[in-house]
Amino acid sequence: MNLEFGRLALVFLFAIIPAVGIALGINSPGLRARIPLLVAFFAGAIPIISLYVPKKFLSGPTGMSPRLDQWLIIVYAFAILLGVVNVVQNSTRKIARRESGWPFSIVLLLGLFATGGAGIYGAISHHGITSLPDGTATPFKWIQDQFFQPLQSTIFALLAFFMASAAFRAFRARNAEATILLFAGGLVMAGRVPLLEFLAVPFPPLQPAAAGASQALGKLTEWIMDTPNGAAQSGIIIGAALGAASMAIRVILGIERGYLGLGRGE
Amino acid sequence: MPHIPGIETWIAALLTLACMSFLYKDNPFFRFAESLFAGISLGYFIGITLNQTLVPNLILPLHRDFGQNWDLLVPGLLGVLLYMRYVPKIGWISRFALSIYVAYYIGLDFTRRIHGEVLPQLARAIVPLSKFDSHTILYSLIFSVGVFSVLIYFFFSKEQDAVTRRVARLGIWFLMISFGAAFGFTVMGRVALLIGRLNFLILDWIYPMIGLR
């Protein structure tokens, strides 16, 4: 049995301390909030310390930080499935109460159970979700190809129409900012397709000039994407990253508790 | 010679038309397609999570070499603890799993943000301005001014005076260029998807039926 120090430390911090916390919390409601915050401090500190303290038990290939990462991928999977439970609860409630549109909840649940069932079958049968041993598609892959992908593409494609109507409202040169937005959007759209060549097709003498202009438009688009757009993106990224870093410190130190459903004083 | 496409093509085509019917107005066909899409999407994530996350990271390692991977039982139990929130009396137990999960990823994100985003982006903005040629003005100078003015716009800790207000206005212009470019890019992507769906309807569904393919 592998009893490396890093692993034992992880088990102590994230299994034994929580177990003690649960046992104590049953009789002492005050500890129900404090011990999770203590555990959160350790969990948040490990990746930061492992970056600056090059010890094998912390940041080595089987050290605490990589192993905790592997652990939490598993917790992530359970967290994703938590959302599914929520949807099933809401839909069954809607059907039981015959609320408006309840037949569509039945459709939703049918789609969920058929696809999810095909996925579970793939895991249990060890065939996976792509192809069967004879090379044919698994039921999961068939549903993915025939239902999921067409629906996904069409739902996203519908956005083209809504964006066109949004553009009609937003892209009006009412002031300097809106005019800049209009020009940048228009140039990027025109620069990504051979628009000028297409327009010059009925006029052969204009075609070489159109090709040159199209190339220049492409370069201008590239400059917009790299320089002004790149600068704005850098500013946004730096600002957001600094904000996220300060929020991380608040969570690790237990100042920010909202994610646990706790108020300031709890 | 005309031939009727297979059931797969019919399903995909009818679902595509049901989705597109929303362009006329909200109707039962669209709501059917929408609900089916929501259900199938959730089922899809169940399949993907189970087969690509839980099986390779939890079930197989425990099954193949329990001695080396015994500690993976802990995240399995932590995952189960998340579901305690559905039992009101002991819902607080789920806080342990949630606190570990959120705090670890936020700690990891802290290091990644500082090393992977703040420092490289600052380094990108620090460019040589020693030569005053067209390239320096068109690329380096505009880039540096853009980053600086956008950061001034996002600086809310102190009230802006006449100078910083003007710099922040310049920052807004840079942001507008960025939003316009992002909008243009997204429109192009969505139109490409629309063309793909229309191609499917016309080339794979209608043309075979009228014998054109």
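Just so it is clear: chains get the letters A, B, ... in the order the sequence lines come, proteins before strands, and each one is counted from 1. Since the model is a prediction, treat every value here as computed from it, not as a measurement.
- Contact annotation for A:S246: neither backbone nor side-chain heavy atoms come within less than 4.5 Å of a heavy atom of chain B.
- In this structure a side-chain-to-backbone donor-acceptor pair under 3.5 Å is missing from A:N229 to B:I177.
- Looking at B:D71 and A:W71, their side chains do bring a donor and an acceptor atom within 3.5 Å of each other.
- Proximity to chain B (any heavy atom under 4.5 Å) is shown, for A:Y121, by neither the backbone nor the side chain.
- Residue B:P28 touches chain A through both its backbone and its side chain, counting heavy-atom pairs closer than 4.5 Å.
- The residue from B:T16, B:L17, B:L201 that alone fulfils the side chain to side chain contact (heavy atoms under 4.5 Å, CB included) condition with A:T154 is B:T16.
- Among B:A181, B:G189, B:P61, the residue with the largest count of heavy-atom pairs under 4.5 Å with chain A is B:A181.
- Looking at B:L108, both its backbone and its side chain come within 4.5 Å of chain A, counting heavy atoms on both sides.
- Side chain of B:Y104 to backbone of A:S65: a donor-acceptor contact under 3.5 angstrom is found.
- Using the six-membered ring where Trp is involved, A:F148 and B:Y44 have ring planes that are parallel, under 30° apart on the 30 and 60° scheme.
- B:R85 touches chain A through its side chain: at least one heavy atom from C-beta onward sits under 4.5 Å away, while N, CA, C and O do not.
- Residue B:D109 touches chain A through its side chain alone, counting heavy-atom pairs closer than 4.5 Å.
- Within the 3.5 Å criterion, the main-chain N or O of A:R32 finds a donor-acceptor partner in the side chain of B:R95.
- Interface residue B:I48: backbone and side-chain heavy atoms are both found under 4.5 Å from chain A.
- In this structure, the portions of B:A33 lying under 4.5 Å from any heavy atom of chain A include both its backbone and its side chain.
- At a 4.5 Å heavy-atom cutoff, the contact between B:I100 and chain A is made by backbone and side-chain atoms alike.
- With a 4.5 Å cut-off on non-hydrogen atoms, A:L8 touches chain B through its side chain but not through its backbone.
- Using a 4.5 Å cut-off between heavy atoms, B:M20 contacts chain A through both its backbone and its side chain.
- With a threshold of 4.5 angstrom between heavy atoms, A:A244 approaches chain B through side-chain atoms but not through N, CA, C or O.
- Residue B:D65 does not touch chain A at all, counting heavy-atom pairs closer than 4.5 Å.
- Residue A:M225 touches chain B through its side chain alone, counting heavy-atom pairs closer than 4.5 Å.
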